[in-house]
2 protein chains.
Amino acid sequence: MRMDDATPIRAGTAAWWLARTENADDRPRRRRMLSLDLIADTALTVLDTEGAEALTMRRLAQRLNCSQAALYRHVTSRDELVVLAMDRAMGLGLDLPPPGLGWRETSEWQAHSFRDFLLAHPGLVPFLRGTERLGPNSLSGMELWLGQFTAIGLSVREAYATASAFATFVIGSVQFTLGVDSTNPDEQRLRRRLYEGLDPRRHPILTAHAEELSQVGSPEEFAFGLAALLDAVAVRISG
Amino acid sequence: MRMDDATPIRAGTAAWWLARTENADDRPRRRRMLSLDLIADTALTVLDTEGAEALTMRRLAQRLNCSQAALYRHVTSRDELVVLAMDRAMGLGLDLPPPGLGWRETSEWQAHSFRDFLLAHPGLVPFLRGTERLGPNSLSGMELWLGQFTAIGLSVREAYATASAFATFVIGSVQFTLGVDSTNPDEQRLRRRLYEGLDPRRHPILTAHAEELSQVGSPEEFAFGLAALLDAVAVRISG
DNA sequence: ACCTGAACACCGTTCAAGT
DNA sequence: ACCTGAACACCGTTCAAGT
C-alpha cells in the first residue's frame with residue numbers, strides 16, 4: 001500500500017498520529033507567531049468559555065488575532081484541530097491519585113476525578129469520539145491504567161480491555177448526563193409527570209413507580225456502572 | 001415558574017417530550033403532504049445511505065420533494081428533528097430476544113443485538129446524546145429492561161440504574177469503536193508501530209508489549225465491559 | 001517564506017409573497 | 001391554511017495576491 005499525499009488520512013487514526021510524530025523534526029523552519037500548541041490551547045479556552053458550538057475557525061482566528069487562512073498552515077482541517085485539542089484536554093484531565101490507596105480506591109478515585117473534570121468542562125464532551133485515543137496524552141493515561149491493572153495481576157491484554165471499558169463508561173455516562181441534565185429539579189418533576197402520563201398497559205413499571213424512577217439520577221447510575229467494573233476486576237484478579 | 005411560549009424548550013428534556021405528548025391531539029388539522037413521521041423516517045434513510053454529515057435540511061427537503069421551509073411547519077429546529085429521529089431509531093433497534101433463555105443470556109443477547117444494530121447503522125451513532133432517552137420508543141426499551149431486572153430481584157431503582165449503565169456502555173463503546181476503526185488490519189499494524197516508537201522510559205508497558213496491545217480490538221473490550229456489568233447484576237441478586 | 005482578503009460552496013432559519 | 005423563493009447570517013476551505 002502506497003502512502004500517497006493526495007489521499008487524505010483520517011484524523012485520529014494510527015496512520016495519522018504516526019505521520020505526525022515522524023514528521024515532527026522538520027516542522028519549525030522559522031519563527032512563527034502561531035504554533036500548533038497555541039491554537040489547540042485557544043480552542044480549549046473557547047470551548048470552556050463559549051461552549052461547543054462556538055468552536056469555529058473564524059472565532060479561533062479572532063481570538064488569536066490572525067486570519068482564518070493562517071490556521072490552515074498548522075492544521076489541514078478543523079477535524080484535525082479538534083483531535084489535537086482533545087488529546088491536549090486528556091492531558092489536563094489526567095490527575096494523579098493520592099498515594100497509599102489500594103487498587104480499588106485508586107481506580108475509583110481516578111474514574112471520579114475524570115468524570116468531575118468532564119462535567120466541569122462540558123464543552124469538551126461532544127468532541128470525545130475516540131479519535132484522541134492514540135494521542136500522546138491519552139497514551140500516558142493508558143500507560144498509567146496499564147501499570148495499575150497489571151500490578152495487581154491482570155494480563156496486559158486484560159488490563160488494556162479493562163482500561164478501555166473504564167474510559168468508555170466514564171465518557172459515555174457523562175455524554176448521557178449532559179444530554180439531558182437530570183439534576184435540574186424541575187426536569188425531575190416533569191419527568192415524573194411524563195412517566196405518569198404513559199399508557200399503564202404498555203408501561204406498567206414506569207407508570208406504577210413514576211415518582212421513584214424520576215428520582216434516579218446520573219450519580220446513582222454512574223456509581224452502579226463503576227462498582228460493576230471494579231467488581232469485575234476484583235473477580236479476575238482473585239480467580 | 002411560568003411556561004412562556006417565547007422561551008424555547010431544549011429538545012429532549014422532560015419538558016419538551018411532555019409538551020409534545022400533551023399537544024398531540026390538536027395536531028392534524030388538515031390533510032398534509034408531509035408528516036412528522038415521514039420526515040423522521042426520511043432522516044434515518046439519509047443517515048443510513050449517505051452518512052451522518054449528509055443530514056441537512058436541504059438534503060431532507062430534496063428527498064421529500066418539498067422546500068426546506070416546509071420542514072419547519074412540523075419541526076421547530078434541526079435539533080428537534082434529530083431527537084425525534086433518534087427515538088424512532090431506538091424503536092427499530094429494539095429486538096425481542098429468543099424465549100427460554102436465562103436472565104444472563106437474555107441480557108447478553110440484547111446488548112449484543114443493540115450493539116450490532118448500531119454498528120450496522122453508523123450514521124445514527126454521532127446523534128445519540130441521551131436526548132432520545134425519554135422518547136416513546138426509548139421508554140419502551142426501558143420498560144423491557146426494568147421488567148427483566150425486577151423479575152430477578154433487583155429493586156426498581158437498582159433496575160433503572162442498571163439498565164442505564166448497560167445503555168450507556170453499549171452506546172459509548174460503539175462511539176469509541178467507530179471513532180477509529182481498529183478492525184482495519186493496516187490500522188492495527190500502524191498502531192503497533194506507533195506504540196513501538198514511544199519513549200520506553202515514559203511508556204514502559206506500551207513499548208514492551210506493542211504487538212500484543214495492538215491486537216486488542218473492540219469486540220474484546222466490549223466483551224469485558226459487558227461481562228463486568230452482568231457479573232455485577234449477578235452479585236446484586238444473590239446478595 | 002509567511003500571511004491575508006476575498007471568494008466559493010455550503011449551512012440553519014426566517015419571512016414576505018403567493019395560491 | 002398551507003407552501004414557496006429568496007434572502008440572511010453564518011459555516012469550512014481555498015487561493016491569488018501581497019510583503
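Below, chains carry the letters A, B, ... as their sequence lines are ordered, and counting in each starts from 1.
Across all strands shown, B:Leu60 has no heavy atoms under 4.0 Å from either base or sugar-phosphate atoms.
Going from atom CG of A:Leu64 over to atom P of C:dC3 covers 12 Å, rounded to whole Å. Between the CD atom of B:Glu80 and the C1' atom of C:dT13 there is a distance of 14 Å, rounded to whole Å. Look at CZ on B:Arg58: it is 14 Å from P on C:dA9, rounded to the nearest Å. Rounded to whole Å, atom P of C:dC11 lies 15 Å from atom CG of B:Leu81. Between A:Glu53 atom CD and D:dA9 atom C1' the separation is 16 Å, expressed in whole Å. Rounding to whole angstrom units, CD of residue B:Gln62 and C1' of C:dC10 are separated by 13 Å. The interatomic distance linking A:Leu71 (CG) with C:dG5 (C1') rounds to 15 Å, in whole Å. Remark: P of D:dC2 and CG of B:Leu36 are 15 Å apart, rounded to the nearest angstrom.
Remark: of the listed residues A:Val82, A:Leu139, A:Leu134, A:Asn137, A:Asn137 is the sole one forming a side chain to side chain contact (heavy atoms under 4.5 Å, CB included) with A:Asp87.
For the residue pair B:Arg191/A:Thr13, the side-chain donor-acceptor check at 3.5 Å is not satisfied. Inspection of the A:Asp95 and A:Ser113 side chains reveals no N or O donor paired with an N or O acceptor under 3.5 Å. No side-chain donor-acceptor contact under 3.5 Å links A:Arg193 and B:Thr21.
Closest approach to the A:Met57 side chain among D:dG12, C:dG5, C:dT13 is made by D:dG12 (side chain taken as heavy atoms from C-beta onward). Closest contact between the side chain of B:Arg73 and the listed nucleotides D:dC2, D:dT13, C:dC11 involves D:dC2. When the nucleotides D:dG12, C:dC11, D:dT13 are ranked by their closest atom to the side chain of A:Thr56, D:dG12 comes out on top. Taking the side chain of B:Gln68 as heavy atoms from C-beta on, and the options D:dT14, C:dA7, C:dT13, the nearest nucleotide is C:dT13. In this structure, of D:dT14, D:dG12, C:dC15, it is C:dC15 that holds the atom nearest to the side chain of B:Ala69.
Remark: C:dC15 base-pairs with D:dG5. Criterion, Watson-Crick or G-U wobble with two distances under 3.5 Å. C:dC10 makes up no base pair with any nucleotide shown, lacking Watson-Crick or G-U wobble contacts both under 3.5 Å.
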Trace of the side chain to side chain donor-acceptor pair (under 3.5 Å) decision for A:Thr49 with A:Arg63: CA-CA 12 Å; A:Thr49 55; A:Arg63 281 246 189 190; 2.9 Å; yes
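Under 4.0 angstrom from either OP1 or OP2 of D:dG12 there lies at least one side-chain N or O belonging to A:Arg78.
Heavy-atom distances to DNA chain D give each of A:Thr76 and A:Arg59 a nearest nucleotide, and the one nearer the 5′ end belongs to A:Arg59.
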